[in-house]
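Sequence positions, counted from 1, serve as the residue numbers for this chain.
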Amino acid sequence: MTWAGAPATEIAAGVRSRTVSPLEVVDEHLTRIAALDPRLNAFRIVRHEQVRQEARALGTRGDLRDLPLAGVPVAVKDNLDLAGCVTGNGSRAARQTAAGSDSELVGRLRAAGALLIGKTNVPELCQWPVTESAAHGVTRNPWDTAYTPGGSTGGGAAAVATGMAALAVGSDGGGSIRIPSSCCGLVGLKPGDGVIARPAELGSNWLGISTFGPLATTVADAALLLGVLAADDRYRTPPPLERPLRIGMTTRSPVLGASVDPQVRTAMLAAAEALREAGHTVTEASPPWRPQDALGFLARYFAGVAEDTANLSADLLEPLTRKVARAGRVITRMHRVPDAPPPRQAGRFAAWFTEHDLLLTPTLATPPVPAGAFAGKGFLRTMLDVPRFIPFTPPFNTVRYPAISVPAGHSDTGLPIGVQLAAAPGGETTLLAVAAQLERIRPWQRHAPLGDEAIR
């Protein structure tokens, strides 16, 4: 069996039963990284010798059967501290000394038996839906390297979509797990508020709208990683549903001027039909958002970036980052950052979800955009163009509801398209259960063709 590209659940089972050694698993993944990453730039750091030493040590342990991620290669987003590695966060302004200890979430991965194979590329300070930075270059989509893998967890998505890592840890402050999952054909879940502890070293995490979560090729793998990150066994396996659900669907954009590509609409309607096949009631519904909601999200985003740059050298930041941070400082001084979530918006969402169990939308308004699509456009143009690409993801950060992106098809040129399902607080297990139904009814290709080429 080839272990690079195998589901995390199968790798862990193989290591726990000693069918395969952790060292064999990690060596296969390192070989795949060497073959593919020069074309993708998914990793900023690959821990070649360190992870092999850790794999050898793991193989001698007597408690392998108790480790949910035994021997599973996991990619860590470069905004989390990983002992012995610089936390680059996509910026030349980042502190260039290695972290002395692991983030709490990284510690949970280690305790579960994961092999931390490397740190993945992000845009500067994880603030964009593409993974491109002056510090570490352009990360590319393995389905077509002329396109972006999305962002900000674009490096993690490219790694998982090619089998260079079995799983990736991402963070999501406006869609940064769901966007790259859609772009790369993965399952990506943003949990609701409080499910996964926010790392203390990251400050307020964009004033509370950002959280961490899994990117995976299967729903079972996403659930497994969610359970480990949340330190809660309830999430580790997608549960059966107790009843059919009331699912509202819409392609009405939260952002004025953002239109949904016809290919994206077609993919969403196909997913809706699959949900009907599973026994759910799926109907067109007016969404709970209003165009003015975007202002509250943008205020928190600007203020969050300003907070993230407070102790960094402005001279080393990218020009666009300096402008975003400057806007954030002005908004903060003017006390224009609203409560999270703003009461009126929170009330609308709460009322909507009393009449519906889930909301189905496109994840993105279009298929993946070309690499460099937003480069050099300036502050105002970027602030107009980016929301038109990602209108559907930020509202669930503002209200702090859980949401998942699931593969739903491909564009005419073969690029992945995802659909988003969102639930009220506490709905993570429901999202996993429904995503698992979609996976059974309309199974997807787990890896980009580029990943499959690596084993031929």
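One finds the CZ atom of F297 at 4.5 Å from the CD1 atom of I209 (value rounded to the nearest 0.5 Å). Of the inter-residue distances, the one linking R265 atom CZ with I417 atom CD1 reads 12.5 Å to the nearest 0.5 angstrom. The CG atom of L226 sits 10.0 Å away from atom CG of L431, with the distance rounded to the nearest 0.5 Å. Atom CG of L64 is separated from atom CG of L58 by 5.0 Å, given to the nearest 0.5 angstrom. Atoms CG and CH2, on L450 and W143 in that order, are 10.5 Å from each other to the nearest 0.5 Å. Rounded to the nearest 0.5 Å, atoms CG (L189) and CG (L225) are 10.0 Å apart.
By the 4.5 Å heavy-atom criterion applied to side chains, V305 and E307 are not counted as neighbours. When side chains are defined from C-beta on, E201 counts as touching S103, because their heavy atoms get closer than 4.5 Å. Residues I177 and T393 fail the side-chain proximity criterion, which asks for heavy atoms closer than 4.5 Å. Contact annotation: the side chain of Q127 approaches that of V324 to within less than 4.5 Å [non-hydrogen atoms, C-beta and beyond]. Residues E124 and N89 have side chains not in contact (no heavy-atom distance under 4.5 Å, counting atoms from C-beta outward). In this structure, L116 and L109 have side chains that are in contact, with non-hydrogen atoms separated by less than 4.5 Å. Side-chain contact between Q420 and L360 is absent, with no heavy-atom pair separated by less than 4.5 Å. Two residues are said to be in side-chain contact when any heavy atoms from C-beta on lie closer than 4.5 Å; V169 and V106 fail this criterion.
More than 12 heavy-atom neighbours from other residues, nucleotides or ligands sit within 6.0 angstrom of CZ on R18. Crowding of R276 atom CZ: a count of heavy atoms from other residues, nucleotides or ligands under 6.0 Å exceeding 12.
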Give the intermediate values and the outcome of side chain to side chain donor-acceptor pair (under 3.5 Å) for residues D78 and N121.
CA-CA 6 Å; D78 199 22; N121 270 326; over 6 Å; no

When you look at V122 and W128, which way does the side chain to side chain contact (heavy atoms under 4.5 Å, CB included) test go after all the steps?
CA-CA 9 Å; V122 298; W128 305 116; over 6 Å; no

Please assess R140 against T145 for the test side chain to side chain donor-acceptor pair (under 3.5 Å), listing each intermediate value before the final yes or no.
CA-CA 5 Å; R140 299 186 176 276; T145 56; 5.8 Å; no

From CA spacing to verdict: side chain to side chain contact (heavy atoms under 4.5 Å, CB included), K119, T87
CA-CA 9 Å; K119 303 199 77 180; T87 303; 3.6 Å; yes

Test side chain to side chain donor-acceptor pair (under 3.5 Å) applied to T148 and N141, step by step
CA-CA 5 Å; T148 183; N141 192 316; over 6 Å; no

What do the steps show when you test T162 against L40 for side chain to side chain contact (heavy atoms under 4.5 Å, CB included), and what is the final call?
CA-CA 10 Å; T162 49; L40 298 174; 3.7 Å; yes

Passes side chain to side chain contact (heavy atoms under 4.5 Å, CB included), I11 versus L69? Steps please.
CA-CA 8 Å; I11 294 172; L69 291 177; over 6 Å; no

For S181 and S405: C-alpha separation, side-chain torsions, deciding distance, then whether side chain to side chain donor-acceptor pair (under 3.5 Å) applies.
CA-CA 6 Å; S181 293; S405 182; 5.6 Å; no

Could you give me the CA-CA distance, side-chain angles and deciding distance for Y301 and W206, then say whether ring-ring contact (aromatic ring centres under 6.0 Å, His included) is met?
CA-CA 6 Å; Y301 156 67; W206 282 12; 5.2 Å; yes

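Comment: E28 does not engage R32 in a salt bridge, judged by the lack of any side-chain N to carboxylate O separation of less than 4.0 angstrom. Checked for salt-bridge contact, E428 and R234 miss the test: no charged N lies under 4.0 Å from a carboxylate O. Salt-bridge annotation for D293 and R290: absent, with no side-chain N of the basic residue lying under 4.0 Å from a carboxylate O of the acidic one.
Counted by atom type alone, K77 and T120 present zero donor-acceptor pairs between their side chains at under 3.5 Å. Looking only at atom types and distance, the side chain of N79 has a donor-acceptor partner in the side chain of S171 under 3.5 Å away. For the residue pair H280/Q437, the side-chain donor-acceptor check at 3.5 Å is satisfied. For T131 and T139, the side-chain atoms include no donor-acceptor pair closer than 3.5 Å.
Ring pair H29/W3: centre-to-centre distance not below 6.0 Å.
S210 places no side-chain N or O within donor-acceptor distance of the main-chain N or O of N205, the cut-off being under 3.5 Å. For E24 (side chain) and S21 (main-chain N/O), a donor-acceptor pair under 3.5 Å exists by modelled atom type. D261 places no side-chain N or O within 3.5 Å of a backbone atom of A365 that could act as its donor or acceptor partner. In this structure, the side chain of D193 does not engage the main chain of R400 through any donor-acceptor pair within 3.5 Å. Side-chain N or O atoms of R16 include none that pairs as donor or acceptor with a backbone N or O of A70 at under 3.5 Å. In terms of modelled atom types and a separation under 3.5 Å, the side chain of W289 and the main chain of R252 share a donor-acceptor contact. The closest donor-acceptor contact from the side chain of T218 to the backbone of D221 lies under 3.5 Å. The main-chain N or O of V419 is found under 3.5 Å from a side-chain atom of T363 such that the two form a donor-acceptor pair. One N or O on the side chain of S411 and one on the backbone of L415 form a donor-acceptor pair closer than 3.5 Å.
Closest approach of V337 to A303, counting heavy atoms only: CG2-CB, 3.8 Å. Closest of all the heavy-atom pairs between T398 and P341 is O-CB, 3.2 Å. Residues L82 and R47 approach most closely at CD2-CD, 3.6 Å, considering heavy atoms. Taking all atoms of both residues into account, the shortest heavy-atom contact from P73 to G71 is CD-O, 3.2 Å. The heavy-atom pair separating L432 from P238 by the smallest distance is O-CB, 3.9 Å. Residue T250 comes nearest to E284 through the heavy atom pair CA-OE1, 4.4 Å, listed as atom of the first residue, atom of the second, then distance.
Aromatic ring pairs are classed by plane angle as parallel below 30°, tilted from 30° to 60° and perpendicular above 60°; the pair F349 and F396 is perpendicular.
Each of D357, T281, L275, T283 was scored for a side-chain contact (heavy atoms from CB on, under 4.5 Å) with I247, with one residue passing: L275. When each of R178, K190, R198 is checked for a salt bridge (charged side-chain N to carboxylate O under 4.0 Å, His left out) with D172, only R178 meets the rule.
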